[in-house]
Amino acid sequence: MTTPGTPARRRARLRAPRLIAGIAASAVALVALLAPLTIPAAVASPSPDPTPTPTATPPVTPGTTVFTLSPVANGIVRPGESLTASITLQNGTDAGLPGAEVTLSLGPAPLPDRQALTAWLDGETDGVAVDPVATAALEPVAPSSEEVTSVGLAADAPALAGRAPGVYPLAASYATESGVVTATSAMIVPADDGREVGLGVVVPITAGTLTEGLLTADELEVLTGPGGGLIGQLDGVDGTAAILAVDPAIPASIRVLGSSAPATAVDWLDRLEALPNSRFALQFGDADVTPQLQAGLTRPLSPSSLTAYIDPANFAAPDPSPSPTPSPTVTPTPDTGTEQPSLPDLLQLLSIGDATREGVYWPADGTATRDVVATLGSLTSDDGAGLTVIPSSSTTAGADGRTVPAYGRAGESPVLLFDADISQQLQEASVREKSWLRGASLTAATAFLAFATAETDGPLLVSLGRSADRDRIGLSTAIDTASTAPGVVPRSLTAVMAAEPGDVELRDIEPQEERAAAASALLTRESELSRFATILDDPSMLTGPERAEILQLLGVAWVADPAWPTALAEHHAATTETLGSVALLPASAGDLYGASASLRFWVRNDLDYPVNLVLYTTPGNLRLDVQSETPVVATPQSNTRVEVPVQARVGSGEVTLALQLRSPAFVAIGPPQTVEVNVWAEWEAAGIAVLAVIVGGLLVIGVVRTVLRVRRRRRRGDEEPER
């Protein structure tokens, strides 16, 4: 297979490790965000007012402890049902924690609104009344381990009797030497009024951070094999009504391999295409559209060509099996040539299946300014105006904690708005491996959803966020929790958008200057490479991979990844090496004897493709008449000789020749060079004259000697006597 680009582009890049690193970085970011919610490692150092720890906590970090309350059944308790909760104490310190008695407390009155729920889950317990209703013993916790216990109320417990529909504050607490540690959650008593609200659940299908344009066969085999990230995502959405947001680079990576694609990847793609779920395509590589537009583009980038990744041999039709008993009367048909294989075009490579809504854009959450949304809304496709997916927190209403319907209009631009609070909890639940910890986020999501369904006047939308490495159970559980919540009916993308869009006001968002500057630098380098690529018969062999790599580097998964600057620097170095892969080899000074000759130069070509060049040669004075344009076809991975005819004009002396390689489009290739040539224009005539004199002199001498010899013979003959 022909490898796209230069040797620099063939270097091994750690994609899969970066994918894992991206997940780890996300976890670190969550830990940093919720760090104030963890318990200090030094329990003996009391705090005057211990901060209550909310239920939704990230994996415990070294040196801290985390106390988590996870109600069973997502906290839903209908009349006549019991309340059961899981209590977990995780110890990330080097010291053991003593056993304790845990008290479960339940509020007598429901929380009034979403804002109150947010404050309660954030540990702000002041002013919220709760009553102890049950206790449980928690065993001592060894260093770097955890203990889990359960606590609950029977269905006939007085504390559960006569509860009106609503979201009730629920807490678990235990006493330490430094004070009382509290974890908060909620109990939901659903309304039984028969009201149903449509809910769309958007699930991105992505591959994480990449630096190369497409996934390799080895990477696909891992990601689509048992335990792989892509197979986990597909298993999680299979059988659900989730709306799929698919990165088209994934199916393209499989299709370009043709018959060499791993069997697991082919099966994965077949399953994706067969799913009945409504869907839309993310940008290639899940590229963030915000920095592209803020860098000055009028519309987001798209792949230009993936031809460089295709090996035609992988698309050749198999030879038909010969007949076991061929007829002896058949006349052989002359071979008219090998039939060229049919290669997939760009649209075929990028297809994500049926039921696709065109023109949907999903910027990184919280980055789309009013200008970005307006620009995207002005773009049209067969399905209408561009549709921007943004979190509800990007609107003034959502930022105030109010519920925002799924389909809206910001000015003249249509927008899809997913509920930020519910989505955050669902995403966190989807990446949790342990069910007794996952339940905390699922309960919080259900509680927010209870308020949202009661407040909305249209369908709702939630997102499970981007995550390239979550298992089937976590993902499917999060989807089912949202889709089966009380009063909720799953909806497709088309059904969500069937409602009349309401007017929404976007809040002020600061431009992403750093990412916009990075996008601008990538675009500048791409422009340079595009001009350089005019040396090829098919410039897309260079420009196609370059565009694909740029889109991957602008992927949303890189937003919180500290390795992004390094990835950008590596790409810059690779592009620089490509731009320097074709050039003139340094030429040394020489001498020119005679009136005409050919000067010899060498062109270096490190690319895998032959290149078309023109060597422009300009003399510094009139002593030489030089062929100004010399076409060159430089062979791949070699040095090619170029001969430039010259002719001496008048006199002798030194001549400086200016040399410059250019593409057929007159783009300068490589740096210009100069070479000094010493011209000896009269040497040939003078040499011939001197040689003629020498030869003539030798002839005269020879003639004279011959004449003298003859005379001497005659003289001797005359002197001899007669006999």
Side-chain angles (χ1 to χ4, degrees), residues 1-4 10 12-20 23 203-210 212-240 242 244-277 279 281-282 284-286 303 306-321 340-356 467-476 545 548 552:
M1 174 177 178
T2 302
T3 304
R10 298 199 303 272
R13 293 181 178 175
L14 301 178
R15 301 186 191 89
R18 281 191 181 140
L19 186 148
I20 298 171
I23 301 301
V203 180
I205 306 295
T206 60
T209 56
L210 295 176
E212 298 291 346
L214 294 176
L215 293 161
T216 65
D218 291 341
E219 290 169 340
L220 286 170
E221 190 168 13
V222 172
L223 291 172
T224 59
L230 288 179
I231 197 66
Q233 295 178 61
L234 199 60
D235 287 345
V237 300
D238 197 357
T240 72
L244 308 183
V246 183
D247 176 3
I250 300 173
S253 298
I254 300 172
R255 292 191 181 106
V256 297
L257 296 176
S259 59
S260 67
T264 56
V266 175
D267 292 342
W268 184 93
L269 183 57
D270 290 342
R271 286 183 57 197
L272 174 67
E273 294 177 325
L275 290 177
N277 303 61
R279 63 196 68 190
L282 297 167
F284 185 94
D286 192 19
L306 298 177
T307 304
Y309 296 96
I310 297 178
D311 183 355
N314 293 327
F315 294 86
D319 294 334
S321 300
Q340 294 298 319
S342 177
L343 303 181
D345 60 27
L346 188 59
L347 291 179
Q348 292 171 327
L349 292 174
L350 299 176
S351 172
I352 63 169
D354 298 331
T356 303
S467 179
D469 191 24
R470 48 189 170 194
D471 63 19
R472 171 185 60 84
I473 296 176
L475 182 57
S476 61
Q552 292 285 6

Might you point out which heavy atoms bring [X] and [Y] nearest each other, and give the distance in Å?
X	Y	value
G208	A468	N-CB, 3.4 Å
I254	A261	O-CB, 3.7 Å
L350	A252	CD2-CB, 3.9 Å
N277	V237	ND2-O, 4.1 Å
A548	G213	CB-CA, 3.6 Å
R255	S351	NH1-O, 2.8 Å

Notebook entry, point to check: Going through the distances and angles, do V266 and D270 end up as a side-chain contact (heavy atoms from CB on, under 4.5 Å)?
Noted result: CA-CA 6 Å; V266 175; D270 290 342; 3.8 Å; yes

Can you tell me if [X] uses its side chain to pair, donor with acceptor, with the backbone of [Y] under 3.5 Å?
X	Y	value
D247	I205	no
R279	I352	yes
Q233	T206	yes

Margin query: Please identify which of these residues, L210, T216, L220, meets the side chain to side chain contact (heavy atoms under 4.5 Å, CB included) condition with S253.
Written below: L220

Note to self: Before you tell me yes or no, could you show the steps for N314 and L257 under side-chain contact (heavy atoms from CB on, under 4.5 Å), namely the whole-Å CA-CA distance, both residues' side-chain angles and the distance that decides it to 0.1 Å?
What the structure shows: CA-CA 7 Å; N314 293 327; L257 296 176; 5.6 Å; no

Notebook entry, point to check: Is it the case that more than 12 heavy atoms not belonging to D345 sit under 6.0 Å from its CG atom?
Noted result: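 More than 12 within 6.0 Å, yes.
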
When rounded to the nearest 0.5 angstrom, what is the spacing between [atom1] in [X] and [atom2] in [Y]?
X	Y	atom1	atom2	value
E273	D354	CD	CG	8.0 Å
L215	L230	CG	CG	7.0 Å
R271	T224	CZ	OG1	10.5 Å
L272	D238	CG	CG	10.5 Å
L234	L223	CG	CG	12.5 Å
T307	L346	OG1	CG	8.0 Å

Notebook entry, point to check: What do the steps show when you test I310 against L349 for side-chain contact (heavy atoms from CB on, under 4.5 Å), and what is the final call?
Noted result: CA-CA 11 Å; I310 297 178; L349 292 174; 4.2 Å; yes

